[in-house]
Amino acid sequence: MSDIRSDVAAAVGRVLQEWGIADSVDPIVELSARPEFGDFSTPAPLRAARARRMAPMAIAEEMRERLTAYELPSIAGWTISSPGYVNCHVVDARWAPDVMAAALSLDSSVAVSAPRRMVDKGRTLVEHTATNPNKAAHIGHLRNACIGDCVVRMLRRTGGEVEVNNYIDDTGVQVADVAVGLRHLGYHQEPNETFDSFCSRVYVQVGRRYEQEPALLDIRRQTLHQIEAGDNEVARFVKELANRIVDCHLTTMGRFDIRYDLLSWESDIIALGFWRHAFELLRAAGAAVHVDQGKHAGCWVMPTDDDAADDDDAKVLVKSDGVATYTAKDIAYQLWKFGLLGRDFNYRRWDPQDHSSPATTTSAPGALDATLYGRASRVINVVDARQAYPQRVVRRALAKLGHQLEAERSIHLGYEVVALSATAAAVLGLPFQDGKNIYAFSGRRGIEVRADELLDRAVEAVAIKARDTASAVLLASGAVRYYLQKFTLNQVIVFDFDEALRTSGDTGTYLMYTHARAAGILRRVPEERMTGVPALHPAERALLHAVDSYRYALHEAADGLSPATLCTYTLGLAAAFTDFYEHTPPIAKEQDAVVRAFRRRLVACAKAVLADALHCLGLSAPEEV
RNA sequence: GCCCCCGUAGCUCAGCGGAUAGAGCAGCCGCCUUCUAAGCGGUUGGUCGUAGGUUCGAUUCCUACCGGGGGCGCCA
């Protein structure tokens, strides 16, 4: 398909070629910053200033003359503007039909492609969520899952092969704590309490009991040992507990349309000897060494890269009691992800009755083909920024084992935490602290906003105007997702109920409403077979540009693993559509058949692209609200 | 002490070397017998933390400092 923006870039490249500076200057073509400048602009003359030792405006003028001489059929004219841009105006009758045809041919089964964008070959494995299976998921876990899921959707939409893992740490102290509470302290689930929020409550109470009755810590220790040993009543109890909580988590995330290909269990990593095997590899490579003295005496550690004699900064892999650390198991798991461990899990369907349920690892022989999982060429771990150090250790372990390429392709997609605003803290009953405007959540102390609870409140917030309950749930889920995805990853989200539940402005609700509005127009105005392009209203031109930009925006967001980038684009698209809607007369009333058909088609384009973008964001695209 | 992130309008945030720094919220003034007002128009509001440096050009890159958050476990 012809693509005017690419044609312009090629023409600019040709000029640079003629000047002999094509190697040093990119033929970048971007949307003009303002409509007055034109449709597309290139800053190439600015970049060429050094190489050609000329004033940018003089270069721009020379480039304009050459470009004009090429007589591109789709370009109506070239201008220059300070400080050194060359701009073009497109021939609407050629450009608009191209843009619209591309938008209307969007097909969910065909990847969205963009010029000069290469998609990763091979499988990308994304790990996200990884909520401890001992309590209800809270808003911090939800941010993780939303980021991960959106990245997965964007990678898939741009043609990537992606496997989604959710890591279940079912052998750690957190599960043990709840097991201690349930088995020894006689807590009971309230009639209207879900199992996971019951466990959240127990977790908090057990934490308090530890402080009052240190003897309980012995019970925890015994519990942990029995979990580690496996094949005993305690281990089975914990496994069942974790299973039930995982079901709750899958249900919670399912409400946000977040799903997984594989649940990978830490207990299976232990049971199947993944760590033992990884440990052998690390020792053979000198990446795990035994320490005889100093603060790490009796441990196996991974030395730092600088060979200091007393290496106190080394990372402990095996504690002096012989138990592997979390990071150690993570190394084994990372090796498995790349297919470098030489071992496989066994796999079966999580819910054998439900074919759409994710697969799960199992230590017992499973029914699913092992080659379907792992064996990735790139691994993205969605883990909050506080864990940057252990993530670096995992990457370094791969490098030390000689897997330099895989180390480079081990990506820690870090993001900052969700914290509480002063007003949200007050709502949760935290005491006010003078001069403090950010308060930390604490699941341990019960200071948290549960994901389900937030969604319930969001449903209430939209219910007044929503058509029915089902519609309200879709809107609420999308609203919450958008709120958690619109912040850039390295921005702490200072959570605020009013801000999260707002339904106007820069919100998911507005985006979904805009889609429904476009759908409403299409229902009212019959489709016509006319293809003329009338003189464009500025709002129509702006909307066409927004529609045309989708493929670039999606690829930029996918390449940058940045949900926020796609959020910003989508808001701009919705705003452009609304602007068009508000500033052009109703289509149904339009007398001119060409104008009527054109505008209806433009609405269809905007709706198609909006739906596509919403899908990548994990928001629904409702026909009506 | 070392490392990472943040500091842009009253508030919450976009802006990954270029044109007059943009949104949303809050405030003020308007617009629902016209395709969905969860919307729109207008308006108020900025020495882009501070000081240097690199560059034709810096909110953007570098250095130092100031302020805020986080990390540097034989926790996970």
| said: Please give me every residue in residues 78-87 of chain A whose heavy atoms get under 4.0 Å of an atom in RNA chain B, ordered by residue number. | reply: A:S81, A:S82, A:P83, A:Y85, A:N87
| request: Taking atom C1' in both B:C3 and B:U60, compute the distance separating them and give it to the nearest angstrom. | output: 23 Å
If you look only at distance, which donor and acceptor atoms sit under 3.5 Å apart when one is on a side chain in residues 319-326 of chain A and the other is two or more places apart or in another chain?
unit_1 : atom_1 : unit_2 : atom_2 : d
A:D321 : OD1    : A:V323 : N      : 3.0
A:T325 : OG1    : A:V316 : O      : 3.2
A:T325 : OG1    : A:L317 : O      : 3.3
A:T325 : OG1    : A:A328 : N      : 3.3

| query | Between B:G42 and B:C65, how far is it from one C1' atom to the other, in whole Å? | reply | 43 Å
| request: Just call it for A:Q391: base, sugar-phosphate, or nothing, with non-hydrogen atoms closer than 4.0 Å on any strand. | output: nothing
| field | Rounded distance in Å - NZ (A:K295) to P (B:C72) | value | 11 Å
| query | What is the nucleic acid contact for A:T325, judged by heavy atoms within less than 4.0 Å: base, sugar-phosphate only, or nothing? | reply | sugar-phosphate
| query | Nearest-Å distance, CD1 (A:I28) to C1' (B:A19)? | reply | 15 Å
| Counting only heavy atoms not in A:R283, do more than 12 fall under 6.0 Å of its CZ? | yes
| Looking at B:A19, B:G73, B:A23, which one has an atom nearest to any side-chain atom of A:S41? | B:A19
| query | Hey, does A:E36 reach any base, or is it just sugar-phosphate, or nothing, if we go heavy atoms under 4.0 Å? | reply | base
| task | Please list every stem that involves RNA chain B, where a stem is a run of 3 or more consecutive Watson-Crick or G-U wobble pairs with both pairing distances under 3.5 Å. | result | B:1-7 with B:66-72, B:10-13 with B:22-25, B:27-31 with B:39-43, B:49-53 with B:61-65
| Letter per nucleotide, 5' to 3', of nucleotides 36-46 of chain B [B base touched, S only sugar-phosphate touched, - untouched; heavy atoms, 4.0 Å] | BSBSSS-----
| task | Examine A:R517 relative to A:Y513 and say whether NZ or CZ is less than 6.0 Å from the centre of the six-membered ring and inside a 45° cone about the ring axis. | result | no
| RNA chain B: A:E416 or A:L31, which has the more 5' nearest nucleotide? | A:E416
| Between B:A51 and B:G17, how far is it from one P atom to the other, in whole Å? | 24 Å
| query | For A:R596, which residues count as a salt bridge (Lys or Arg N to Asp or Glu O under 4.0 Å) partner, sequence neighbours excluded? | reply | A:E528
| remark: With syn defined as a glycosidic angle within 90 degrees of 0 and anti as anything else, the base of B:C32 is syn
| field | Whole-Å gap separating P (B:C35) and CD (A:E528) | value | 19 Å
| field | Verdict with reasoning, A:E499 to A:R502, per salt bridge (charged side-chain N to carboxylate O under 4.0 Å, His left out) | value | CA-CA 5 Å; A:E499 189 63 21; A:R502 191 159 50 79; 2.8 Å; yes
| Excluding sequence neighbours, so at least two apart, what forms salt bridge (Lys or Arg N to Asp or Glu O under 4.0 Å) with A:D579? | none
| said: Does B:G73 have OP1 or OP2 under 4.0 Å away from a side-chain N or O of A:R386? | reply: no
| message | Taking the six-membered ring for Trp, are A:Y167 and A:Y333 closer than 6.0 Å centroid to centroid? | response | yes
| message | Going by side chain to side chain donor-acceptor pair (under 3.5 Å), name the residues that satisfy it together with A:Q226, two or more places apart in sequence or in a different chain. | response | none
| field | A:D177: salt bridge (Lys or Arg N to Asp or Glu O under 4.0 Å) partners, not counting sequence neighbours | value | A:R220, A:R444
| request: Taking the side chain as every heavy atom from C-beta outward, state whether A:S264 and A:D268 have any pair of such atoms under 4.5 Å apart. | output: no
| Contact nearer the 5' end of RNA chain B, comparing A:C299 with A:L571 | A:L571
| task | Check whether any side-chain heavy atom of A:F441 sits under 4.5 Å from a side-chain heavy atom of A:L420, and report yes or no. | result | yes
| message | From OH of A:Y333 over to P of B:A76, roughly how many Å is that when rounded to an integer? | response | 17 Å
| said: Please give the distance between the C1' atoms of B:U12 and B:G7 as a whole number of Å. | reply: 14 Å
| task | Check salt bridge (Lys or Arg N to Asp or Glu O under 4.0 Å) between A:E61 and all other residues, then give those that pass, not counting sequence neighbours. | result | A:R64
| query | With a 4.5 Å heavy-atom cut-off, do A:R143 and A:V417 have their side chains touching? | reply | no
| query | Given the P atoms of B:C4 and B:C62, what is the spacing between them in whole Å? | reply | 11 Å
| task | Determine whether more than 12 heavy atoms belonging to other residues, nucleotides or ligands lie under 6.0 Å from atom NE2 of A:H537. | result | yes
| field | Rounded distance in Å - NZ (A:K436) to C1' (B:G67) | value | 15 Å
| query | Is there a donor-acceptor pair closer than 3.5 Å between any side-chain N or O of A:D496 and the backbone N or O of A:D498? | reply | yes
| message | Categorize A:T584 for me: base, sugar-phosphate, or nothing, with a 4.0 angstrom heavy-atom threshold over every strand shown. | response | base
| remark: Atom CG of A:D384 and atom P of B:G69 are separated, to the nearest Å, by 18 Å
| message | side-chain hydrogen bond (donor to acceptor under 3.5 Å, both in side chains), that's the test. Do A:N166 and A:T129 meet it? Break it down for me. | response | CA-CA 6 Å; A:N166 181 9; A:T129 307; 4.6 Å; no
| task | Using the P atom as the reference point in each nucleotide, state the distance between B:G68 and B:A58 in Å, no decimals. | result | 30 Å
| message | Between B:U36 and B:G30, how far apart are the two P atoms, rounded to whole Å? | response | 27 Å
| note | Reading nucleotides 8-15 of chain B from 5' to 3' and marking B where a protein heavy atom lies under 4.0 Å of the base, S where only the sugar-phosphate is that close, and - otherwise, the string is ----SSSS
| Salt bridge A:K135-A:E448, side-chain N to carboxylate O under 4.0 Å | no
Short heteroatom pairs, N/O only, protein and nucleotides 56-60 of chain B, under 3.5 Å:
none

| message | Say we look at B:U47 and B:A21: how far apart would their C1' atoms be, to the nearest angstrom? | response | 14 Å
| said: Could you tell me how far apart A:Q433 (CD) and B:G68 (C1') are, to the nearest whole angstrom? | reply: 15 Å
| task | For A:D496, answer base if it contacts any base atom (sugar-phosphate contacts may also be present), sugar-phosphate if it contacts only those atoms, and nothing otherwise; contact means non-hydrogen atoms under 4.0 Å. | result | nothing
| Would you say A:N381 and A:S410 make side-chain contact, with heavy atoms under 4.5 Å? | no
| No-H, no-angle donor-acceptor pair, A:E556 side chain to B:C16 base, under 3.5 Å | yes
| query | What nucleic acid atoms does A:A297 come within less than 4.0 Å of, heavy atoms only: base, sugar-phosphate, or nothing? | reply | base
| Within the structure shown, what part of the strands sits under 4.0 Å from A:V525 by heavy-atom distance: base, sugar-phosphate, or nothing? | nothing
| message | So, using side chain to side chain contact (heavy atoms under 4.5 Å, CB included) as the criterion, who are the partners of A:L474 when residues are at least two apart? | response | A:S620
| remark: To the nearest angstrom, the CG-P distance between A:D169 and B:C75 comes to 13 Å
